[in-house]
Protein chains: 2
Amino acid sequence: MKKVKRTTIYDIAAKLGITASSVSRALNNSNQVNEKTRELIMKTADELNYKRNTLASNLRKGQSKTIGIVVPRINQNFFSNVIAGIEEATYQKGYNLIICQSNELHDKEIQCVNTLINQHVDCIVISVSADGNDYQHLQNVIDHGIQLIQFDRVADELETLKVINDNEQASFEAVSHLIEGGYKRIGLLEGPQNLAIFKQRKLGYLRAFKAYNVPVIDELIVENAWTKELGAAGTRKLLNLPHPPDAIFASTSDFSALGVLEVASAMGIKVPAELGVLGYANESFSEITSPSITTIDQFSFYMGNTVANLFFQELENTDTKTKPKIISIKPELIIRASTSKNK
Amino acid sequence: MKKVKRTTIYDIAAKLGITASSVSRALNNSNQVNEKTRELIMKTADELNYKRNTLASNLRKGQSKTIGIVVPRINQNFFSNVIAGIEEATYQKGYNLIICQSNELHDKEIQCVNTLINQHVDCIVISVSADGNDYQHLQNVIDHGIQLIQFDRVADELETLKVINDNEQASFEAVSHLIEGGYKRIGLLEGPQNLAIFKQRKLGYLRAFKAYNVPVIDELIVENAWTKELGAAGTRKLLNLPHPPDAIFASTSDFSALGVLEVASAMGIKVPAELGVLGYANESFSEITSPSITTIDQFSFYMGNTVANLFFQELENTDTKTKPKIISIKPELIIRASTSKNK
DNA sequence: TTTAAAATTACAATCGATTGCGTAAAATAA
DNA sequence: TTATTTTACGCAATCGATTGTAATTTTAAA
């Protein structure tokens, strides 16, 4: 690739016999420059195919108009939707997105965050990885005066802006739906309890039992079943119990619920008649499985939007000290075939 | 958010009573600095929580170690996988990704590209939007000395690096599979023909007919059926013909194929016995529909990897003029239940 | 011990855009 | 016409890191 000399404001200035400051002012719509000169500058800039060097501009201005995003996986439906939501809201305000993925690895997450600090981003939006529970790198973000917004998977102990789902309530409603539907022995496939979201979902599950005065059966709770394979394994274990469950809440994801369906099908157990199945996240496939899976929609795109708006809101907020704001989005139970016992 | 003064190399230099140049060199592992001073500098940098200002560094060096990506939609499986593939390969070399989405709109695509040029990215990776066929903005990228790599949906007329799928061959093999499976009247749901990928898929379809000496029946070809809804509509039209097809190749996507399945189911037509169905892209849901959908895998993650490697390869290539290189990835036919007529 | 060579470090310019301050020129008021 | 206010533009410093060149110190050779 050959090196190309790009036109700068000096080139424009030289061509017109004026100073770069005037060019800069014209380009920034300052009213300190004569209308005629401005037009001339604009025309010349266009002729010379001038493009502002954002690096230089940002360096001088001490801001980058860039938002950094760190997610466990870019190519996971939930996250890519959140990103799309952020993108929609920030693009029109002239912000750029730098996206990193942590691959669920704590070390890579730290690396990502550091890179973003180096880049002088104006804000870092993060959903922490499952691995690790040391948050020094996030504290560091704050110390560098960079706005930090956590979403979905958040480190509770850090006082930052947060956008979360009300997992507890969603889980409560989901399990209530199962109980009201006539299911008696409801199993739970739970996720890593070091992540608050999974802890909350379990709490919702427990609260539903209490609300309906149904005793909790500990042997129906399976730890760490957050992939399709682990979900399937957990299901096999549950269904082979002397007293197997008549419903399973795959609280980790629809993928896990898919594992439940497959095992049930392999064992000749009918869903939803003999076994109710409930997932989480409303993945696109959940409505086309047979039977379709009752699940919980997290409004991921809207969540991204909310994150972006929160950032802009705080930007205008000139208070010396911003108090940590937490926005909770209420997920929605999507009732489908997999939990319709009585049909 | 309070303004924070970040430590610079000058702060480190001042504290140690040396010059910023030495600090810079130490930080960049230059061998022009004494081992003891280096250690001292490193220690102090750490103590002061120093983070390099990438903006300043890049401005000075005239490169940004950043790659810009423009895709129609971030939250589409294929694209987010390609991005993940690019990310994997570039991250370890210290590159950052700036991601934009064009939303399939030509104007927004132009805006995105211009933003990336402003950002002085080292490379722009793009899959063009369906809308529009003017590529001045891409020519502009080249004129600015920025490496341009097109993937999947490419503007043929522009001589750039390209990473594409061999759509024609994949399509040929897919249709051959149908013919060999005993299907006689194979319908085609085609995409917008201004995109080369869809044109190629149609060519593959036609070539298969020629290869097996089967006459092409024009009325079985439906234009512009590239969403689930349009696919369903096209299917309805096809199945209501006096002589309906006994197989449908949804060449645009699995979503379209899903539309086919639904219409067939609604009309009581059995898949695959009475109607073979073939999709494209190997979306995650395609293996869990009933019946599961025979489709074509595009190796999207690998494609992203390839794009990244191509970039690095060209980076080392010091030839004055790089010739346009085209890498074609051979997609793979994934045979599933929806095309097994004889079972 | 002297001198040449090598290793360190300092100095200063540079990347491109922005902006406070000062001044010349133009517009307005007296 | 002169005084005063606006308006428009120039000058020069600045953002933080990098790097060619010069100066200094250290090391090695004579």
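Here is how names work: the chains are called A, B, and so on, in the same order as the sequence lines, proteins then strands, and each is numbered from 1.
Of all nucleotides listed (C/dA17, C/dT19, D/dA17), C/dA17 comes nearest to the side chain of A/Ile9. Closest approach to the B/Asn34 side chain among D/dC9, C/dG16, C/dT8 is made by C/dT8 (side chain taken as heavy atoms from C-beta onward). Of the candidate nucleotides C/dT19, D/dA8, C/dA10, C/dT19 has the atom nearest to the side chain of A/Arg25. You'll find that the side chain of A/Tyr10 is closest to C/dG16, out of C/dG16, D/dA17, C/dT9. Distances from the side chain of B/Thr8 to the nucleotides D/dG16, C/dT8, C/dG16 place D/dG16 closest.
Dashed line: the shortest gap from a side-chain N or O of A/Ser24 to OP1 or OP2 of C/dG16 is not under 4.0 Å. OP1 and OP2 of D/dC11 both lie 4.0 Å or more from every side-chain N or O belonging to A/Ser21. Between C/dA17 and A/Ser57, no contact under 4.0 Å exists linking OP1 or OP2 to a side-chain N or O.
One finds no salt bridge joining A/Lys36 and A/Glu39 here, because no Lys/Arg side-chain nitrogen approaches an Asp/Glu carboxylate oxygen to under 4.0 Å. With respect to the salt-bridge test (charged N to carboxylate O, under 4.0 angstrom), the residues B/Glu87 and A/Arg73 do not qualify. Under the 4.0 Å criterion applied to side-chain N and carboxylate O atoms, B/Glu159 and B/Lys325 are not assigned as salt-bridge partners.
Atom CG in A/Leu55 sits roughly 10 Å away from atom P in C/dG16 (whole-Å rounding).
Ring orientation note: the planes of A/Phe151 and A/Phe79 are nearly perpendicular, at an angle over 60° on the 30°/60° scale.
Nucleotides of DNA chain C nearest to A/Asn28 and B/Asn31 differ in position, and the one nearer the 5' end is that of B/Asn31.
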